[in-house]
Amino acid sequence: SSEDSELFEVDDMTTVEELHDQIKLFKMEGYAEYYFKGRKKRGIIFKKKVQLTELLTHTTIPLKTSLLNLPSEELQTKAVECFEKILTFMGDSESTSEQTGNISIAREIVSIGINTGELRDEIYSQIVKQTRNNPS
């Protein structure tokens with residue numbers, strides 16, 4: 001988008017600090033800080049904000065919504081379903097349907113990304129999340 005291209009403009013007047021901020025966006029933490037949804041976790045009385053490191057760290061708990069801001073409820077639902085496939089592929093969840101091989105699950109995940117372009121960044125983010133600090 002034009003907003004994204006403005007983030008990465010560099011000219012003779014760009015300061016070192018501005019350049020550092022732009023480079024930071026290419027690291028997963030910077031990407032997540034900029035593009036991930038704001039997250040709230042229910043507490044006993046108040047909601048509290050979920051830390052970015054928690055969003056970027058392996059979990060065995062299925063997502064309740066997408067990591068990224070997606071334009072429709074349908075895409076958010078597909079994103080959650082895709083994360084469940086990633087959990088199954090990585091051995092963090094049992095498949096609720098008949099046991100399929102990892103190759104079949106991987107093909108399903110790739111197929112979702114090929115056929116639904118709006119989910120490609122979401123799938124990538126989910127895979128990064130599941131491989132970061134993974135105990136296995």
Side-chain angles (χ1 to χ4, degrees):
S1 76
S2 63
E3 182 181 306
D4 289 342
S5 64
E6 290 175 16
L7 289 173
F8 306 113
E9 288 183 17
V10 177
D11 59 29
D12 294 339
M13 301 304 292
T14 303
T15 66
V16 172
E17 291 82 18
E18 291 170 331
L19 189 58
H20 181 271
D21 290 342
Q22 290 179 7
I23 291 170
K24 183 178 145 186
L25 288 174
F26 287 99
K27 295 180 181 177
M28 194 60 192
E29 290 84 358
Y31 177 85
E33 190 175 311
Y34 191 79
Y35 290 103
F36 278 25
K37 291 179 175 182
R39 292 281 191 256
K40 303 282 186 201
K41 189 186 273 187
R42 288 208 178 269
I44 295 172
I45 297 174
F46 301 103
K47 291 182 180 181
K48 67 177 187 172
K49 191 168 185 173
V50 176
Q51 295 296 314
L52 192 59
T53 53
E54 186 178 338
L55 291 176
L56 288 171
T57 300
H58 173 268
T59 184
T60 57
I61 301 168
L63 293 176
K64 294 181 182 177
T65 187
S66 61
L67 294 172
L68 302 175
N69 287 314
L70 296 174
S72 73
E73 189 70 35
E74 178 186 358
L75 287 173
Q76 290 177 27
T77 300
K78 282 185 177 184
V80 169
E81 291 169 358
C82 190
F83 190 72
E84 290 170 1
K85 291 179 189 310
I86 292 169
L87 286 174
T88 302
F89 177 82
M90 297 190 67
D92 293 323
S93 172
E94 294 297 321
S95 177
T96 55
S97 62
E98 68 180 59
Q99 289 295 326
T100 57
N102 272 350
I103 300 286
S104 176
I105 296 168
R107 283 186 181 142
E108 289 178 42
I109 295 166
V110 170
S111 177
I112 292 168
I114 289 171
N115 295 321
T116 314
E118 300 94 328
L119 289 178
R120 291 177 190 155
D121 289 344
E122 175 73 22
I123 292 168
Y124 176 76
S125 298
Q126 290 177 3
I127 292 170
V128 168
K129 172 181 179 59
Q130 286 307 101
T131 56
R132 191 171 194 165
N133 297 327
N134 187 316
S136 58

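Everything quoted here is computed from the prediction, not taken from an experiment.
- For the pair P62/L87, a side-chain contact is recorded, criterion being any heavy-atom separation below 4.5 Å from C-beta on.
- Minimum interatomic distance between D92 and Q130 (heavy atoms only, all atoms of both residues): OD2-NE2, 3.3 Å.
- Residues T59 and E54 fail the side-chain proximity criterion, which asks for heavy atoms closer than 4.5 Å.
- By the side-chain contact (heavy atoms from CB on, under 4.5 Å) test, V128 is found to be paired with M28, Y124, residues two or more places apart in sequence or in another chain being considered.
- Side-chain contact check for R120 versus I112: every heavy-atom pair is 4.5 Å or farther apart.
- Side chains of L68 and L119 form no contact here, defined as non-hydrogen atoms less than 4.5 Å apart.
- If you take CD on E33 and CG on L55, they are separated by 11.5 Å, rounding to the nearest 0.5 Å.
- Under the 4.5 Å side-chain criterion, counting only non-hydrogen atoms from C-beta, R132 is not in contact with H58.
- With 3.5 Å as the limit, one finds a donor-acceptor pair spanning the side chains of E122 and Q126.
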List the atom pairs, with distances to 0.1 Å, where a side-chain N or O of residues 79-86 and a protein N or O form a donor-acceptor pair under 3.5 Å, not counting sequence neighbours.
| from | atom 1 | to | atom 2 | distance (Å) |
| --- | --- | --- | --- | --- |
| K85 | NZ | E108 | OE1 | 2.7 |

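- Under the 4.5 angstrom side-chain criterion for Ile, Leu, Val, Met, Phe, Trp and Tyr, I103 has no cluster partners at all.
- If you take CD1 on I109 and CD1 on I114, they are separated by 12.0 Å, rounding to the nearest 0.5 Å.
- Distance CG/L70 to CD/Q76: 5.5 Å, rounded to 0.5 Å.
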